[in-house]
Protein chains: 2
Amino acid sequence: MKPQVLVVEDEDALATLLQYNLEKEGYQVSVAGDGEDALMQAEETTPDLVLVDWMLPKVSGIEVCRRLRGRQETANVPIIMLTARGEETDRVRGLDTGADDYVVKPFSMTELFARIRAVLRRIRPGLAEDVITAGDITMDRVAHRVKRSDREIHLGPTEFRLLDYLMQHPGRVFSREQLLDAVWGSDVYVEARTVDVHVGRLRKALNTKEERDPIRTVRSAGYAFDVNA
Amino acid sequence: MKPQVLVVEDEDALATLLQYNLEKEGYQVSVAGDGEDALMQAEETTPDLVLVDWMLPKVSGIEVCRRLRGRQETANVPIIMLTARGEETDRVRGLDTGADDYVVKPFSMTELFARIRAVLRRIRPGLAEDVITAGDITMDRVAHRVKRSDREIHLGPTEFRLLDYLMQHPGRVFSREQLLDAVWGSDVYVEARTVDVHVGRLRKALNTKEERDPIRTVRSAGYAFDVNA
DNA sequence: CAGAGTCGCTACAGTTTTGTGACAACGCAC
DNA sequence: GTGCGTTGTCACAAAACTGTAGCGACTCTG
């Protein structure tokens with residue numbers, strides 16, 4: 001599963017450059033032009049990493065940090081700050097901005113990539129494990145294996161990604177469109193009903209007769225993964 | 001106890017890459033960006049092995065060698081040099097730089113690991129792990145031999161390194177690109193599908209009719225070596 | 001209760017991905 | 001040079017997976 005990166009940058013040229021290079025590096029990228037937009041998108045896409053420019057219109061970068069940290073869903077998302085040289089660099093380090101690292105402009109892409117990898121590596125193992133467990137279902141993303149109470153579950157690539165995404169946000173309802181964006185990719189066009197089919201396949205693979213279906217259908221809204229209660 | 005490795009490399013991207021891979025391989029890694037830093041850290045952490053780039057800012061790699069050798073505490077620490085092709089390779093070998101071995105860039109990770117183990121084994125027997133076993137498969141890296149339940153397996157060099165790498169990280173799925181980076185070298189250009197062919201050859205050599213195939217194909221993701229359960 | 005909307009499921013044709021045999025090129029020992 | 005083992009690439013076949021359409025069941029609304 002590609003790590004999702006949210007870029008918060010008002011300067012168009014830089015934003016585009018970042019998006020282009022990050023995607024080439026294998027990240028799923030979304031861009032926000034200002035702080036408000038950033039907070040909204042962060043809620044929607046729940047990124048694995050946020051890249052925030054220190055200077056932003058409306059809501060400053062540092063404020064974006066604080067707000068992200070303040071919210072349940074995004075409290076643990078790693079943040080990297082982009083600052084211009086001399087832009088209170090010391091205070092960035094000194095103050096508890098909530099950022100996990102910062103990069104001073106101008107920076108090279110390789111440098112940025114190195115920081116990103118370092119942060120993801122540092123933050124992720126502690127918070128988001130390679131292994132997710134919900135009820136009796138275990139998903140090991142490194143080994144690419146899914147088990148339900150010691151029974152090995154075989155899933156196709158798409159079903160795997162779908163389950164991955166759902167398990168990562170348990171309880172939350174996603175519309176078919178949201179799932180298409182997140183699991184298929186925001187640029188492919190597929191029929192919304194296709195999601196139904198894949199959910200069906202996923203259910204068939206996951207459940208035996210006795211077992212409770214962990215995927216909940218919400219009529220005219222979408223699907224959600226429920227942790228056993 | 002994990003062997004401690006000090007990496008002295010100014011190029012950020014390479015340093016990060018080395019750190020990442022070495023840690024995954026089970027080493028405790030610290031990184032120094034220049035010669036001075038290196039000497040300081042060497043004093044602090046007294047590493048079991050030092051990896052030095054030949055070209056460094058401030059204090060050259062060869063100078064780092066000399067100084068490390070000149071100091072009581074670090075006089076016997078094994079050193080491996082990283083040199084670019086053509087970078088006075090002969091003199092590196094010829095002169096007594098104090099290095100125990102050297103690797104010519106570009107190199108594959110498995111090659112580097114092999115050198116590291118070799119040096120550690122020579123200097124600090126006991127720190128290097130020479131034999132890996134997984135299920136009924138045994139791989140002796142010193143003798144360069146592979147056995148499956150007392151049956152001798154003949155492998156070509158590439159298949160050997162491939163199996164080595166896979167067995168080193170059992171259960172984990174690697175993409176073709178990752179395998180190319182790790183086994184072939186990070187910059188040689190070979191077709192990704194070539195990995196398939198080598199996996200095929202490896203399987204043919206490893207398995208008889210009765211035996212379970214230890215290599216698992218993960219569709220649209222890569223391959224993994226599974227320890228028998 | 002009719003009609004519209006929504007969802008589960010199946011079948012299937014099309015596409016993507018993987019396994020494999022053949023082959024030419026290469027390096028190396030002799 | 002000759003011979004042998006190894007390597008990377010290609011082409012083709014097999015296997016796995018995907019998206020869509022279509023039908024019936026069910027639900028909501030008026």
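All chains are named by letter (A, B, ...) in the order of the sequence lines, taking the proteins before the strands, and each is independently numbered beginning at 1. From a predicted model like this one, the values you see are computed outputs, not experimental measurements.
Each of Gly156(A) and Thr194(B) was assigned the nucleotide of DNA chain D with the nearest heavy atom; the assignment lying further toward the 5' end belongs to Thr194(B). Position along DNA chain C of the nearest nucleotide to Lys204(B) versus Gly200(A) favours Gly200(A) as the more 5'-ward residue. Take the nearest nucleotide of DNA chain D for Arg193(B) and for Pro157(A): the residue whose nucleotide is more 5' is Arg193(B).
As rounded to whole Å, 8 Å separates atom P of dG8(D) from atom CZ of Arg161(B). The NE2-P distance, from His198(B) to dT20(C), rounds to 15 Å in whole Å. Between the P atom of dT7(D) and the CG atom of Leu155(B) lies a distance of 10 Å, rounded to the nearest Å. At whole-Å resolution of the value, CD1 in Ile215(A) and P in dC7(C) are 14 Å apart. Put simply, CG on Leu202(A) is 15 Å from C1' on dT18(D), counting in whole angstrom units. Regarding Asn207(B), its CG atom lies at a distance of 10 Å from the P atom of dT20(C), rounded to whole Å. The NE2 atom of His144(A) sits 18 Å away from the P atom of dA16(D) (whole-angstrom rounding). For Leu162(A) and dG19(D), the CG to C1' distance is 15 Å, given to the nearest whole Å.
Val199(B) comes within 4.0 angstrom of nothing in the nucleic acid, heavy atoms only. In this structure, Tyr223(A) reaches the sugar-phosphate backbone alone: every heavy-atom distance under 4.0 Å involves primed, P, OP1 or OP2 atoms, never a base. Within 4.0 Å of Val218(A), counting heavy atoms only, lie sugar-phosphate atoms of the nucleic acid but no base atom.
Residue Thr158(B) places its side chain closer to dG8(D) than to any other of dT6(C), dG8(D), dG19(D). Which of dT10(C), dT6(D), dT18(D) sits closest to the side chain of Glu159(A) comes down to dT18(D). Nearest to the side-chain atoms of Asp196(A) among the listed nucleotides dG19(D), dG8(C), dG19(C) stands dG8(C). Closest approach to the His154(B) side chain among dT7(D), dG5(D), dG21(C) is made by dG5(D) (side chain taken as heavy atoms from C-beta onward). Closest to the Arg219(A) side chain, of the nucleotides dT20(D), dC28(D), dT9(D), is dC28(D).
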Step-by-step side-chain hydrogen bond (donor to acceptor under 3.5 Å, both in side chains) determination, Asn21(B) to Glu25(B)
CA-CA 6 Å; Asn21(B) 282 288; Glu25(B) 191 72 6; over 6 Å; no

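Side-chain atoms of Arg201(B) and base atoms of dG19(C) include no donor and acceptor less than 3.5 Å apart.
Between Arg145(A) and Val218(B), the closest side-chain pair of non-hydrogen atoms is not below 4.5 Å.
Judged by distance alone, the side chains of Arg161(A) and Ser220(B) never bring a donor and an acceptor atom under 3.5 Å apart.
The CG atom of Asp181(A) sits 8.5 Å away from the OH atom of Tyr165(A) when rounded to the nearest 0.5 Å.
Taking a cutoff of 4.0 Å between a charged side-chain nitrogen and a carboxylate oxygen, Asp140(B) and Lys147(B) do not qualify as a salt bridge.
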